[in-house]
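Below, chains carry the letters A, B, ... as their sequence lines are ordered, and counting in each starts from 1.
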Protein chains: 4
Amino acid sequence: MPKVTSMYKAEVKEKIIRAAIDSFAQTGFDRTKMEDIAKRLGLSKGTIYLYFKSKEDLFLAICEHNMQQSDREDAGLFVRKDNIASDAEQIYDNIRRREQGNDRVMLEMVAESARNPKLKKAMYELHVKVHEHVMQAVKSKIDEGFLRKDVDAASLAIALVALYDGLAVNRMLGISDAVNKKAWVTMIKTMIAGSS
Amino acid sequence: MPKVTSMYKAEVKEKIIRAAIDSFAQTGFDRTKMEDIAKRLGLSKGTIYLYFKSKEDLFLAICEHNMQQSDREDAGLFVRKDNIASDAEQIYDNIRRREQGNDRVMLEMVAESARNPKLKKAMYELHVKVHEHVMQAVKSKIDEGFLRKDVDAASLAIALVALYDGLAVNRMLGISDAVNKKAWVTMIKTMIAGSS
Amino acid sequence: MPKVTSMYKAEVKEKIIRAAIDSFAQTGFDRTKMEDIAKRLGLSKGTIYLYFKSKEDLFLAICEHNMQQSDREDAGLFVRKDNIASDAEQIYDNIRRREQGNDRVMLEMVAESARNPKLKKAMYELHVKVHEHVMQAVKSKIDEGFLRKDVDAASLAIALVALYDGLAVNRMLGISDAVNKKAWVTMIKTMIAGSS
Amino acid sequence: MPKVTSMYKAEVKEKIIRAAIDSFAQTGFDRTKMEDIAKRLGLSKGTIYLYFKSKEDLFLAICEHNMQQSDREDAGLFVRKDNIASDAEQIYDNIRRREQGNDRVMLEMVAESARNPKLKKAMYELHVKVHEHVMQAVKSKIDEGFLRKDVDAASLAIALVALYDGLAVNRMLGISDAVNKKAWVTMIKTMIAGSS
DNA sequence: GATGAATGAGAGTTCATTCAT
DNA sequence: CATGAATGAACTCTCATTCAT
């Protein structure tokens with residue numbers, strides 16, 4: 001089979017997905033017109049339908065795309081030197097960089113997942129995967145003595161992910177990233193330092 | 001008294017708002033038809049337009065409604081006995097009870113606020129108010145010696161609110177409330193206990 | 001039967017009709033809401049339906065009303081002294097005064113008559129009646145020697161009525177009444193004077 | 001060339017305008033459904049919206065269309081041989097032919113102009129232009145000795161235009177064109193002949 | 001493959017009309 | 001008699017989707 005064609009197709013698909021992410025992030029799923037996405041690419045509406053059989057389909061492709069990317073990149077976020085405090089900052093930046101502009105689409109995805117079981121399942125699985133990862137990091141921090149032995153690593157991992165997600169919501173409300181990062185770091189430091 | 005503000009009208013308005021919250025939460029703003037909301041109440045489409053001049057208007061009314069409610073009830077969330085651990089659980093339950101079913105609408109509001117500056121401003125202000133409150137609580141915990149004196153109360157407050165918001169996102173993805181609560185409590189306990 | 005009531009009813013009907021004329025003149029039949037008419041009278045929508053069984057019915061009542069009025073008042077418009085020129089001006093003013101504000105409703109009536117045969121017939125008959133009248137006036141002017149014996153009185157009457165109607169259209173386009181009156185007078189004078 | 005102005009698009013636009021003129025003439029602006037217009041052309045509702053962004057917009061386009069046409073053709077109406085009587089008849093026919101079926105839409109335009117200042121201005125300007133033209137014709141008739149030197153050409157021109165408009169109203173009431181034309185001719189002849 | 005004109009189901013909104021009070 | 005809340009048919013306009021070119 002013509003590999004070139006299929007490679008080309010994959011490229012165009014990728015391009016469309018990126019344009020769609022931008023559009024959905026800006027206007028939301030329902031309010032984004034297929035034509036908007038097409039225009040971003042200098043394509044015509046019809047062309048998108050050569051690559052995705054419906055708007056829904058395109059959205060789901062975005063979801064998968066986002067998740068794969070998360071998959072690919074969620075390594076190496078946590079393990080760093082032993083200065084947790086400055087480490088925390090780094091971690092925040094890393095996640096931020098990775099999610100670059102996906103906040104809003106993620107929001108759309110969460111909202112949509114309430115209606116779309118398939119999507120919900122996929123996001124749940126992504127969550128589990130991320131959680132697994134963070135939990136490992138937490139565990140090593142426990143091992144390294146930065147956290148008490150009796151801390152429930154699983155729960156703390158969930159909390160950390162939630163914290164990050166909550167800060168993403170903040171960003172959408174216009175709260176500056178500096179403020180958010182500081183909140184993140186403060187929380188991490190407080191966890192480590194405790195009240196002692 | 002102006003007719004529009006008559007007791008009866010206000011009651012119906014309230015009923016419509018509640019039905020709309022349920023509908024928007026279930027289906028999202030764009031996908032909810034005015035008729036859906038009407039049907040929930042055994043009313044007809046047209047009736048809603050006697051009380052709200054547009055779908056947008058109804059949504060904004062919900063936003064205000066939510067915010068007023070938050071305003072009214074944001075007292076007494078934090079101050080409790082001196083066992084922070086069990087206290088934390090209580091706090092979580094309190095917020096949960098107050099927000100009862102508003103999670104999804106809040107999400108819609110966040111998404112919408114990206115497009116609606118007025119709404120964005122209102123939500124930002126709400127955020128500030130809540131933050132103020134939480135910060136006071138954090139400060140008293142510091143004073144009471146549960147947290148170190150050098151903790152940045154403002155940042156920690158932001159983090160706590162974000163944590164709560166992130167857990168709300170979790171809930172929407174189908175993560176059980178028990179798990180979320182445990183994550184919350186764990187985080188609080190860790191903060192208090194530290195690594196000592 | 002209670003005459004008082006029926007008299008009262010007739011009065012209210014009359015009031016509603018007058019309000020409707022104003023409304024229809026201002027906004028046009030289709031764009032006028034029953035509520036607009038009601039508000040003008042400090043009545044409620046429902047009340048109008050106690051007197052007229054539908055909007056259409058109300059409109060038809062207006063038509064009849066207008067025509068009856070025309071009937072009642074179309075005497076004495078033309079016969080005057082023998083100075084036709086100044087006479088013409090007087091005539092114009094007379095018709096103007098009588099039609100006071102009815103121009104637009106008349107327009108609506110003409111437009112509507114294209115769709116409503118009953119109305120069309122009624123208006124046609126009104127036209128015939130007016131024409132009859134004007135023709136008599138023209139004839140006496142001929143007899144009095146102001147116009148040539150060989151003038152077709154019927155046709156000239158039609159032309160005069162049309163001229164007046166055309167000036168009504170002018171008025172609606174914002175052409176000042178002074179200009180219109182002058183046009184009317186000039187035409188009449190020219191007719192009388194000829195090219196001699 | 002911009003797409004919107006491409007030959008094809010312009011043609012379709014023109015077709016829609018013609019269909020809309022017919023529809024508006026038959027049913028009036030408010031009572032004409034966009035679908036009616038579409039059906040006349042074997043098109044679907046939506047298609048019209050590819051060419052006109054609203055019903056209002058389509059109507060305004062018709063107005064402009066009518067005016068441009070009037071503009072283009074208002075020459076050569078008056079100058080003819082020296083037999084004014086038979087000339088008059090010719091003139092009437094010429095205008096009639098030009099306005100072909102526009103009477104009703106013109107009526108709608110007049111009615112609408114009462115609410116739409118932009119339209120009102122446009123129609124006023126058209127009126128001025130037509131008036132200018134007719135006035136020139138009147139002046140040459142004066143020069144040629146068909147009318148007295150002391151006639152106010154401007155006013156007479158206004159009257160003639162009004163006369164024509166009034167006859168258009170007649171037509172809408174079902175008065176035969178023969179009768180109208182005779183009225184027109186009679187008036188012209190009377191003007192020329194006078195009472196001498 | 002790509003296009004964009006055409007489609008038509010579907011949603012928001014209006015308002016004449018009804019009827020319980 | 002009068003009211004005005006409620007109704008729902010009807011209309012405008014949108015936009016995902018299709019398909020002839």
Side-chain angles (χ1 to χ4, degrees), chain A residues 2 5 8-9 12 29-39 41-59, chain B residues 3-4 6 8-9 11-12 29-39 41-58, chain C residues 2 5 8-9 12 29-39 41-59, chain D residues 3-4 6 8-9 12 30-39 41-58:
Chain A
T5 301
Y8 174 72
K9 275 198 96 167
V12 177
F29 178 79
D30 286 292
R31 284 164 141 137
T32 297
K33 299 173 220 169
M34 289 303 258
E35 184 139 36
D36 295 342
I37 300 170
K39 267 187 196 149
L41 295 162
L43 285 179
S44 83
K45 254 177 316 169
T47 305
I48 297 181
Y49 283 89
L50 295 176
Y51 295 88
F52 301 92
K53 77 175 208 294
S54 70
K55 195 183 181 185
E56 178 85 10
D57 193 48
L58 173 54
F59 181 70
Chain B
K3 263 168 210 159
V4 220
S6 82
Y8 176 75
K9 277 225 165 191
E11 256 171 56
V12 177
F29 178 78
D30 286 296
R31 284 169 146 143
T32 297
K33 301 172 223 167
M34 289 304 258
E35 192 148 29
D36 295 342
I37 300 171
K39 270 188 192 147
L41 296 163
L43 288 177
S44 84
K45 245 183 325 168
T47 304
I48 297 181
Y49 284 92
L50 295 177
Y51 297 88
F52 300 94
K53 75 176 204 297
S54 71
K55 197 183 180 185
E56 178 84 10
D57 191 49
L58 173 54
Chain C
T5 302
Y8 175 73
K9 276 197 93 163
V12 177
F29 178 77
D30 285 294
R31 284 164 141 137
T32 296
K33 299 172 219 168
M34 288 304 257
E35 185 140 35
D36 295 341
I37 300 171
K39 267 188 197 148
L41 296 162
L43 284 179
S44 82
K45 258 179 313 171
T47 306
I48 297 181
Y49 283 88
L50 296 175
Y51 296 88
F52 301 92
K53 78 176 205 295
S54 71
K55 196 182 181 186
E56 179 84 11
D57 192 50
L58 173 55
F59 181 70
Chain D
K3 262 167 210 157
V4 222
S6 83
Y8 176 75
K9 277 223 165 193
V12 178
D30 286 296
R31 285 170 147 143
T32 297
K33 300 171 228 170
M34 289 305 257
E35 191 148 30
D36 295 341
I37 300 170
K39 270 188 191 148
L41 296 163
L43 288 177
S44 84
K45 244 183 327 168
T47 305
I48 298 182
Y49 284 92
L50 295 177
Y51 297 89
F52 300 94
K53 76 176 202 297
S54 70
K55 196 182 180 185
E56 178 85 10
D57 191 50
L58 173 54

Practice task
State which of E/dT17, E/dG8, E/dT13 makes the closest approach to the side chain of B/Ser54.
Solution key: E/dT13
Problem - Any A/Lys33 side-chain N or O less than 4.0 Å from OP1/OP2 of F/dT14 - result: no
Practice task
Establish, with yes or no, whether the OP1 or OP2 oxygen of F/dA6 is under 4.0 angstrom from a side-chain nitrogen or oxygen of B/Tyr8.
Solution key: yes
Completion exercise
Between CG of B/Leu58 and P of E/dA11 the distance, given in whole Å, is 17 Å
Problem - Within-4.5 Å side-chain heavy-atom neighbours: A/Leu50 and A/Val12 - result: no
Practice task
Write down the atom of C/Arg31, the atom of C/Asp36, and the distance for their closest heavy-atom approach.
Solution key: O-OD2, 4.3 Å
Exercise for the section: Rounded to the nearest angstrom, tell me the gap between atom NZ in A/Lys53 and atom C1' in F/dT17. Expected result: 13 Å
Fill in the blank from the handout: Judged by nearest nucleotide, the residue sitting upstream toward the 5' end of DNA chain F, B/Val12 or A/Phe29, is B/Val12
Problem - Atom-to-atom span, CG of C/Leu41 to P of F/dT3 - whole angstrom - result: 10 Å
Handout entry: 5'-most by nearest nucleotide on DNA chain E - A/Gly42 or D/Ile48
Key = A/Gly42
Practice task
Measure the distance from CG on A/Asp30 to P on F/dC15 and round it to the nearest whole Å.
Solution key: 11 Å
Problem - No-H, no-angle donor-acceptor pair, D/Lys45 side chain to E/dG10 base, under 3.5 Å - result: yes
Exercise for the section: Tell which nucleotide pairs with F/dA9, taking only Watson-Crick or G-U wobble pairs whose two distances are both under 3.5 angstrom. Expected result: E/dT14
Problem - Residue met sooner reading DNA chain E from 5', once C/Glu35 and D/Thr47 are mapped to nucleotides - result: D/Thr47
Problem - Pairing partner (Watson-Crick or G-U wobble, both distances under 3.5 angstrom) of F/dT21 - result: E/dA2
Completion exercise
Atom CZ of C/Arg31 and atom P of F/dA10 are separated, to the nearest Å, by 21 Å
Problem - Integer-rounded Å distance: E/dT13 P and D/Lys55 NZ - result: 19 Å
Problem - Presence of B/Tyr49 side-chain N/O under 4.0 Å of F/dT7 phosphate oxygens OP1/OP2 - result: no
Practice task
Could you state the atom-to-atom distance from CE of A/Met34 to C1' of E/dA5 in whole Å?
Solution key: 17 Å
Handout entry: Of the listed nucleotides F/dA2, F/dA6, F/dA16, the one nearest the side chain of B/Leu50
Key = F/dA6
Handout entry: Beyond-backbone contact of D/Thr47 with D/Leu41, side-chain heavy atoms, under 4.5 angstrom
Key = no
Exercise for the section: Indicate, with a heavy-atom threshold strictly under 4.0 Å, whether C/Tyr51 touches base, sugar-phosphate, or nothing. Expected result: sugar-phosphate
Problem - Between E/dT14 (C1') and B/Phe52 (CZ): distance, integer Å - result: 18 Å
Fill in the blank from the handout: Between the NZ atom in A/Lys33 and the NZ atom in A/Lys45, the distance rounded to the nearest 0.5 Å is 10.5 Å
Problem - Spacing of B/Met34 atom CE and B/Ser44 atom OG [to the nearest 0.5 Å] - result: 11.0 Å
